[in-house]
Amino acid sequence: MSRLLIRNIGLLLSGDLKNPILDADTVLAGDGKITAVGKRKDIDAEGATLVIDAKGTTLAPGLIDSHVHPVAGDWTPRQNQIGWIDSYLHGGVTTMISAGEVHTPGRPKDVVGLKAMAIFAQRAFSAFRPGGVRIHAGAPVIEHGMVEEDFKDLAAAGVTMLGEVGLGSVKDGATARQMVAWARKYGIQSTIHTGGPSIPGSSLIDKDIVLAADADVIGHINGGHTALPDEQIVALCEQSPRALEIVHNGNEKAALLTLRTAKALKHLDRVILGTDSPAGSGVQPLGILRMISMLSSLADVPAEVAVCFATGNTARIRNLDCGLIEPGRAATFVMIDKAQHSPGKTVLESIQRGDLPGIGMVIIDGVVSAQRSRNTPPATAVPEIGAS
Ligand SMILES: [Zn+2]
């Protein structure tokens with residue numbers, strides 16, 4: 001049995017909105033799962049096989065990107081780049097959710113073809129984790145002609161979510177609602193594209209279609225990239241109980257409007273973050289960190305709360321085993337510190353001022369996947385391996 005001890009944690013962010021900062025300095029994990037969180041003197045770390053001295057830095061759950069468009073392996077044809085997922089690992093992202101493998105060249109749009117592609121993507125990304133990043137993929141885009149049996153077949157084959165509703169031929173509320181309901185019946189979660197077309201060939205999905213479809217996640221409520229008018233965004237926050245997904249490749253003003261509206265409604269638990277990348281604006285290895293900083297600094301949300309949008313909130317809404325620091329959850333962490341020369345006094349203050357934190361280590365399922373990030377500004381202090 002592997003046993004991981006992380007000691008000397010300066011600040012422990014839980015990912016849980018209700019209690020975002022834990023009074024603890026030590027985390028213990030066994031076989032990739034958290035077994036104890038507390039004070040060093042209270043934790044029996046006998047037999048630890050890997051000891052990490054956090055050096056007083058901050059430990060948070062690994063970041064979850066709720067909206068990516070992977071295709072195959074660590075390659076994206078959108079900008080013809082390789083190694084993009086490994087680069088996100090260096091931005092603290094440990095888990096990604098596919099919103100559809102829509103950039104696949106020659107993507108099949110007939111029913112048997114789209115089902116086959118979803119099952120292929122689910123299998124391939126289950127078996128291949130670039131840099132250790134866990135990718136939940138295999139997200140079919142619904143098309144006219146699908147029947148209830150298709151959703152039953154997909155679920156039986158291991159498909160757990162739909163790609164963005166609206167990217168295929170189904171763009172009317174009534175058909176979308178029927179298919180989303182069939183998907184939900186068989187345990188398949190759904191996300192809907194919101195706003196104007198992303199790229200030529202994509203189309204407008206307005207608030208009436210989003211409300212009619214009633215998908216589990218209001219995908220990129222701040223547009224991907226073109227946002228709906230303000231009053232429609234506010235109406236979605238007020239009239240739908242579903243998750244409010246804010247993305248990096250969206251409209252930033254609309255992102256702030258969404259967050260302020262959710263805050264006023266006391267619905268911050270519905271806010272989740274994604275990049276919606278790769279996209280026309282490329283790949284963004286630091287996209288989730290940038291969203292946390294942007295939302296915290298410009299919408300006056302404490303940094304420890306903004307971290308929850310990319311961790312615990314997403315884990316709860318997406319039914320993931322990571323995203324929260326509590327026994328039984330995946331031992332998947334990002335360890336950060338104030339970036340060198342940031343004027344903030346603490347890492348949280350530096351984020352609230354709009355700076356990015358520096359990443360010192362990323363751990364996925366109890367395994368060290370990256371040490372000092374090659375992509376973030378350098379962290380002031382970094383954790384060390386093997387000092388017990
Ligand atoms: Zn979209």
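Side chains included, hydrogens not; waters and symmetry mates left out as well; all remaining heavy atoms used. When a ligand or atom number is given, it counts from 1 through the structure's own listing order.
Look at Asp276 and the Zn ion (ligand 1): no N/O/S atom of the residue is under 2.8 Å from the metal.
Side-chain contact, Ser66 with Arg318: a donor N or O sits under 3.5 Å from an acceptor N or O.
Paired with Met361 under the rule side chain to side chain contact (heavy atoms under 4.5 Å, CB included), one option of Thr57, Ile336, Leu59, Ile385 passes, and it is Ile385. Each of Arg129, Lys33, Arg329 was checked for a salt bridge (Lys or Arg N to Asp or Glu O under 4.0 Å) with Asp365, and the lone residue meeting it is Arg129.
The N, O or S atom of His220 lying closest to the Zn ion (ligand 1) is NE2. Summary: ND1 is the N/O/S atom of His193 found nearest to the Zn ion (ligand 1). Closest N/O/S atom of Glu164 to the Zn ion (ligand 1): OE1.
Between Trp84 and Tyr88, the distance from one ring center to the other falls under 6.0 angstrom.
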